[in-house]
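Below is one structure, written out as structure tokens; the observations come after it.
Just so you know, ligand 1 is whichever comes first in the structure, and atom 1 is the first atom listed for that ligand. All heavy atoms count here, side chains included; hydrogens, waters and symmetry mates do not.
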Amino acid sequence: MGIGFPDGFRWGTATSAYQVEGDNTASDWWLWEQQPGRIRGGDRSGLACDWWRSAERDFDLMVALHQNAARLSVEWSRLEPRPGQWDQAAEERYLEMFRGLRARGIEPLVTLNHFTLPRWVAERGGWTWKGIVPALAAFAGRFVRAAAVLVDFWITINEPVGHLIGAYLLGQLAPGRTSLAAFIRALVHSVRAHAAAYRAVHQAQPEARVGVAAYLRPVQPVRADSPLDRWLAARMDRLVNWMYLDALRTGWLVGPAGIRVRIPEAVGTLDFLGVNYYTRTLLAFDLRRPRTLFARPETPFDSEMSDADYSEVYPDGLLLALRQARRYGLPMYVTENGLPDADDDLRPRFIVDHLRRIGQAVQEGCPVLGYYHWSLVDNFEWAEGWNLRFGLYALDPATQVRTARPSAALYAEICRQNGLP
Ligand code: IFM
């Protein structure tokens, strides 16, 4: 039986500026890429998907997919390459892109910070620099004022917790730190920066809808009958999934290592919640692993895995995440969902199975208003470079030729019908 979605449901694809624009030379990631060993196989973003020159080619593909929405981000380092110095031409190019989307009947959802920083912010300590809070808010306010006639739908920060874990605790993303103290400092600044940016956006555009995109990855015990596994999973689940969002509700950031920081200005700074869902984590308690807080991740032996074992295909985790996130009482959008699957043998069923779970959540009363598949076209996947292919369209970065994978036609039909055939 088919599943219909509510009228006005947003059907989109999601991207981020650094991953698709190309030539983002003023960004911290541009330098990071040049360091040996940082990106698998020494890959470089280079021209990426060439959006800076011709994003419109992909906007036309969005039309072919019958999308009525698109999620994209802006690159702070382009707009403000040096402190206080604004690049008017870059601003104009972004406005041109937004006009291009609107002219095609596509509503833009724009992320203001998606992983990258201007070099001048990184040089001052990146997210560990106290000044990032007013700097991000000033940038957000200025850009939103310029774009207000074209965009009223904003995400302040993409996946704040997951990104900071990768960048300040695990050392996998720029700036490659492995320090708990740096992570906690960055986390506090991120909550404060979100709150300050939220207010700056609303000041510039009172009618704006502003949210964050949270990476929700349910953490479950390997042995459901083990109290230690259950205790560990519950603790990790709170830290990675709910700690940040709870801080925006209560004004208290209750973090790792017993920290409790009062951030009263964070209360009530979400108009909606973006949910980025890829997979779950299964954890077993293991006394031999003090360095990973006694956690040993496992994958069930019969799991279906995406390319390079990036993720276990687990659609039920999306339903669980939506049910749990419902407690915040906010409209929700699935702002990312996808998998690397170069030969597209899993993606069609992946899309259908995840959309079924969203349909079920909607039927249960979860206010889910849109779905943005990650991603339209293969793009530069951070430390994995060009090795993971998330696109509905395959991209050859050398020739910029795009080739539809079978799931593109399937997704087009879903968008056209506003539901599953
Ligand atoms: O490519 C990333 C994106 O930048 C953030 N969310 C997860 C995606 C796939 O790994």
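- Sorted by first and then second residue, the pairs that involve residues 406-421 and meet salt bridge (Lys or Arg N to Asp or Glu O under 4.0 Å), not counting sequence neighbours, are Glu413-Arg416.
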If you look only at distance, which donor and acceptor atoms sit under 3.5 Å apart when one is on a side chain in residues 134-154 and the other is two or more places apart or in another chain?
unit_1 : atom_1 : unit_2 : atom_2 : d
Asp152 : OD1    : Arg209 : NH2    : 2.9
Trp154 : NE1    : Gln205 : OE1    : 2.9

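- Classified by interplanar angle (parallel below 30°, tilted 30° to 60°, perpendicular above 60°), the ring pair His163/Phe115 is parallel.
- Side-chain N/O atoms of Asn387 and Asp307 include no donor and acceptor closer than 3.5 Å.
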List of N/O pairs, ligand 1 versus protein, all under 3.5 Å?
unit_1   : atom_1 : unit_2 : atom_2 : d
ligand 1 : 1 (O)  : Gln19  : NE2    : 2.9
ligand 1 : 1 (O)  : Glu381 : OE1    : 2.5
ligand 1 : 4 (O)  : Gln19  : OE1    : 2.8
ligand 1 : 4 (O)  : His114 : NE2    : 2.8
ligand 1 : 4 (O)  : Trp382 : NE1    : 2.9
ligand 1 : 6 (N)  : Glu159 : OE1    : 3.3
ligand 1 : 6 (N)  : Glu159 : OE2    : 2.6
ligand 1 : 6 (N)  : Glu336 : OE1    : 2.5
ligand 1 : 10 (O) : Tyr310 : OH     : 2.6
ligand 1 : 10 (O) : Glu381 : OE2    : 2.6

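- A perpendicular orientation is assigned to the rings of Phe380 and Trp29, their planes being inclined by more than 60° (bins at 30° and 60°).
- In this view, Tyr393 satisfies the ring-ring contact (aromatic ring centres under 6.0 Å, His included) rule with no residue, not counting sequence neighbours.
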